Amino acid sequence: MEKILIIDFGGQYNQLIARRVRECGVYCEVKPYTTPLAQLKAFAPIGMIFTGGPQSVYLEGAPQVDPDIFTWGVPILGICYGCQLMAHLLGGQVTPAQNDSAREYGKTLTHYDTSCKLFQDLPRDGVSWMSHGDYMAQVPQGFSLAARSDACPNVAIADEVRGFYGVQFHPEVNHTEHGRDMIRSFLFAVCRAKGDWTMGNYKDRAITDLRRKIGAGKVLLALSGGVDSSVAAALLAEAVGPQLTCVFVDHGLMRLNEGNEVEEAFSQWNINFVRVDAEARFLLKLAGVDEPERKRKMIGEEFIRVFEEEAKKVGKVDFLAQGTIYPDVIESGAGDAAVIKSHHNVGGLPDHVDFKEIIEPLRMLFKDEVRQLGRELGLPEYLVSRQPFPGPGLAIRIIGDITKDKTDTLRLADFIFRDEMARSGEDKNLNQFFAVLTNTRSVGVMGDGRTYDYTLALRAVTTSDFMTADWARIPYDLLDKVSTRIVNEVRGINRIVYDITSKPPATIEWE
Ligand code: XMP
């Protein structure tokens, strides 16, 4: 399998680079710059990309690579810091930009030398996304200038003989016109990739590998109904069918019909499918609890307890499977970051389940690839394209204490909202949307009578990473339709509000 190696210097777009490469049908992995050269060589890539990073190459302690990497004979594309590092280590000179005009941030008109392989078949001028405060005062021997901006004569450098290319801008971001074409040219014209990495191939290989690894062993997986655990379950079901037990803990805090949909999707495989109806148990535990963090912790703990009890019934298992995906693996640790919410992902590690090893069959895939794999495996579209749903479920969308009535009310209101969004096609423009049952009651009038019912909030956001989000500008007429339907069809709600706060300062969920 042809592979590209992405060497990570800590830039903010590193995952994006990996996704761009994979979109071209070329497999790649991101490895930290501290990885020893021997290990990088063992990976046997056909090309390397050095990412950007927040540092300056000439400062002490700045990330480095083993200079022998340049005599290995593998083509390199350096982006931003990666470009400067290459220039620095190959004898060029990188200095702080002397004046403000040589620092460049944001959209910059750039002029390309289209005889350079990286820019072949592109227009001579285009906008690129710059983000650099350093300047290549002298380019290394063997390199020529391949692009310039009005402020900077050396925006890109190339040594076509050795296959080394460096750009000061970010071709991976959408703001760079033709950025994808540049990455494509590096892969296909410089590294001579064939681009034959597809999800179909991946599926076949993953199934073979899983069979080899698992042998006759038994596998246990906690299925939440979310995309990741569902696809992991489907892949294992395809690989080792009857040896797999999926424990699906239905905590009663799912959306309407969700539990049945999950069960139905897995009826196509001959596996051990255990659905635990734990609604009463969770409601009992949560009765009277209104503090968000307590709710989250209690649900997480209770989930593990139920899972453990079921696991014990299965007996000794050899492997515990999890739906970990690539962004979880390469996301640098949160370190000292403040805990805003204690996220719990269904499938956290239980204490009292005896198993030999953990297997994570989606560990190298991005979310969109996981969805694609799910389709390849024949999972239904409503499951594969499901938007994120928090582990604690509707519990954190009911403000204040939780009762069966409230969960049923919210479930129905949420369903109507989702239904109208899907009918109008507006759901395609949004990354996440849902309803929240507040604990505010207000006076209303229905027919000739007074009502004193709950206020429901609608929330819809657009986001690329869920770290920041913008509230969605849903058409008023659509909001009106949703509002009218909910107050007419759902008892206990007499007022609807729309949340117009972005993240930050709000978070996406209300608790
Ligand atoms: P916030 O509310 O922190 O949410 O802006 C960001 C994204 O994370 C989801 N979320 C969770 N996902 N377990 C999860 O698996 C959780 O406990 C959890 N809490 C929030 C949220 O739906 C949004 O997509």
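It should be emphasised that the depicted structure is a prediction, and the values quoted were computed from it without experimental measurement. In each ligand, atom 1 is the first atom listed, and ligand 1 is the first ligand listed.
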Peer 1: So, Lys406 and Asp401, do they make that salt bridge, N to O below 4.0 Å?
Peer 2: yes

Peer 1: Please determine whether a side-chain nitrogen of the Lys or Arg among Asp228 and Lys367 lies less than 4.0 Å from a carboxylate oxygen of the Asp or Glu.
Peer 2: yes

Peer 1: Enumerate the atoms of ligand 1 whose separation from the nearest heavy atom of Pro392 is less than 4.0 angstrom.
Peer 2: 16 (C), 17 (O)

Peer 1: Which ligand 1 atoms are under 4.0 Å away from a heavy-atom of Phe466?
Peer 2: 6 (C), 24 (O)

Peer 1: Tell me, please: is Met467 in heavy-atom contact with ligand 1, that is, under 4.0 Å?
Peer 2: no

Peer 1: Enumerate the atoms of ligand 1 whose separation from the nearest heavy atom of Lys503 is less than 4.0 angstrom.
Peer 2: 1 (P), 3 (O), 5 (O), 6 (C)

Peer 1: Looking at ligand 1, does any of its N/O atoms fall within less than 3.5 Å of an N/O of Ile508?
Peer 2: yes

Peer 1: Run the numbers on Glu511 and Arg397 for salt bridge (charged side-chain N to carboxylate O under 4.0 Å, His left out), then give the verdict.
Peer 2: CA-CA 7 Å; Glu511 285 195 338; Arg397 294 177 182 172; over 6 Å; no

Peer 1: As an exercise, identify every atom of ligand 1 less than 4.0 angstrom from a heavy atom of Pro388.
Peer 2: 24 (O)

Peer 1: If the cut-off is 4.0 Å to any non-hydrogen atom of Arg296, which atoms of ligand 1 fall inside it?
Peer 2: 16 (C), 17 (O), 18 (C), 19 (N), 20 (C)

Peer 1: Pairs of nitrogen or oxygen atoms closer than 3.5 Å, one from Arg397 and one from ligand 1: do any exist?
Peer 2: no

Peer 1: Charged N to carboxylate O below 4.0 Å: is that the case for Lys285 and Glu301?
Peer 2: no

Peer 1: For Glu302, which residues count as a side chain to side chain donor-acceptor pair (under 3.5 Å) partner, sequence neighbours excluded?
Peer 2: Arg281

Peer 1: Closer than 4.0 Å to some heavy atom of Thr507 - which atoms of ligand 1 meet that?
Peer 2: 1 (P), 2 (O), 5 (O)

Peer 1: Say whether Gly391, considering both its backbone and side-chain N or O atoms, lies within less than 3.5 Å of an N or O atom on ligand 1.
Peer 2: yes

Peer 1: State yes or no: are the ring centers of Phe355 and Phe319 separated by less than 6.0 Å?
Peer 2: no

Peer 1: Could Lys481 and Asp477 be called an ion pair, given the rule that one side-chain N must be under 4.0 Å from one carboxylate O?
Peer 2: no

